[in-house]
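Quick notes on the structure that follows.
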Amino acid sequence: MEKLRHMMNPLDFSVEELESLFDLAGEIERDMEGYSHKCDGKILATCFYEPSTRTRLSFETAMLRLGGKCMGFADASNSSAAKGESVADTIRVISCFADICAMRHPKEGAPMVAASKSSIPVINAGDGGHQHPTQTLTDLLTIRSLYGKLSNFTIGLCGDLKFGRTVHSLINALSRYEGIRFIFISPKELRVPDYITEMLRQKGIPYEEVIKLEDIMPQLDFLYMTRVQKERFFNEEDYIRLRNFYILDKEKMALAKENMFILHPLPRVNEISVELDDDPRAAYFKQVQYGLYVRMALILTLLNIK
Ligand code: NCD
């Protein structure tokens, strides 16, 4: 029997395994129809203890496009969690019903606890401010598709670098590729956590921390914008003070390279002006499309379906 595999962190897959995953996502993009029965008879459970639009619907669409079915909950207040059931017990139950589970949870590490008790593959669909591996797979596939490779570029990450799990996951994943330079753009209250800069220092990966977006704009090949994570703030006042710190608009984009791409995991609040949506460099909706292909590829890979 094949070993049970989960996806908790983008580093759970080697760089070579990620290459195969992205190749498979590329094949799916070219031939959706050819994959439309690969998961006939399979069931995906989505257990979402935190709000989501894209991630949950993207997982469900991925399974439906593969011919499988979906069940689960989008609101933990409707599940037995409201009665006090533990994640460990819930996943044991889900393991009796479904073939694979995507779980989002406000507590860091909850999907790992689930994985340790599960008899089906568990995918971390975001755990608190910690990791969001499938968003990272989406981001990597988008970069690879737009830029042709996952090496030798300068990426600016802007906004809430403290609480943004997509940022933490992406930096982690990119730290394994050659020639990446990071520029972190945030107010000082929302700087990237020390454990991440420490990891970069140890690996000798160049990074810079700045406050003003305009200053470094011309250097960037990618600009990864993020939302200020309201739900992870301890007080409303700080959130209100910081929420509109960065607003990317036409004026700032005039400073960027002709071929710099704007990425955003979405949802967007105010940090990218809608006037940029038609700019050919705005890649955030394309990113959503890549997220579907890569989740289809991940489901097939974790279920060992060729
Ligand atoms: C992100 C998340 O949930 O961390 N959204 C997503 O899954 N694409 C980003 C965010 O909520 O800001």
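In listed order, ligands and their atoms are each counted from 1.
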*Non-neighbouring partners of Lys162 that pass side-chain contact (heavy atoms from CB on, under 4.5 Å), sequence neighbours left out*: Asp160, Leu190

*Among the heavy atoms of Pro267, does any lie under 4.0 Å from an atom of ligand 1?*
yes

_When you measure from the side chain of Ser36 to the backbone of Arg65, do you find a donor-acceptor pair of N or O atoms at a distance under 3.5 Å?_
no

*Determine whether the side chains of Gln287 and Thr142 contain a donor N or O and an acceptor N or O closer than 3.5 Å.*
no

_Arg104 N/O under 3.5 Å from ligand 1 N/O_ = yes

*In ligand 1, which numbered atoms sit nearer than 4.0 Å to a non-hydrogen atom of Thr55?*
6 (C), 7 (O)

_Heavy atom to atom 7 (O) of ligand 1, shortest distance: which of Gln131, Arg54, His132 holds it?_
His132

*After noting the C-alpha distance and the side-chain angles of Glu209 and Lys188, does the key distance pass the side chain to side chain contact (heavy atoms under 4.5 Å, CB included) rule?*
CA-CA 9 Å; Glu209 292 185 275; Lys188 63 178 185 327; over 6 Å; no

*Starting from atom 4 (O) of ligand 1, locate the nearest protein heavy atom and write down its residue, its atom name and how far away it is, to 0.1 Å.*
Arg165 NE, 2.8 Å

_Is the distance from the ring center of Tyr49 to that of Phe73 below 6.0 Å?_
yes

List the atom pairs, donor and acceptor, that lie under 3.5 Å between side-chain atoms in residues 192-199 and the rest of the protein, sequence neighbours left out.
unit_1, atom_1, unit_2, atom_2, d
Thr197, OG1, Asp194, O, 3.1
Glu198, OE1, Arg201, NH2, 2.9
Glu198, OE2, Gln202, NE2, 3.3

_ligand 1 versus Thr226: contacting region, heavy-atom distance under 4.0 Å_ = neither

*Could you tell me whether some N/O pair between Leu266 and ligand 1 is separated by less than 3.5 angstrom?*
yes

*Is the distance between the ring centroids of Phe182 and Phe184 less than 6.0 Å?*
yes

*Report, in ascending order of atom number, the atoms of ligand 1 lying under 4.0 Å from any heavy atom of Gln135.*
6 (C), 8 (N)

_Below 3.5 Å, N or O to N or O, backbone or side chain included: is there any such pair between Arg227 and ligand 1?_
yes

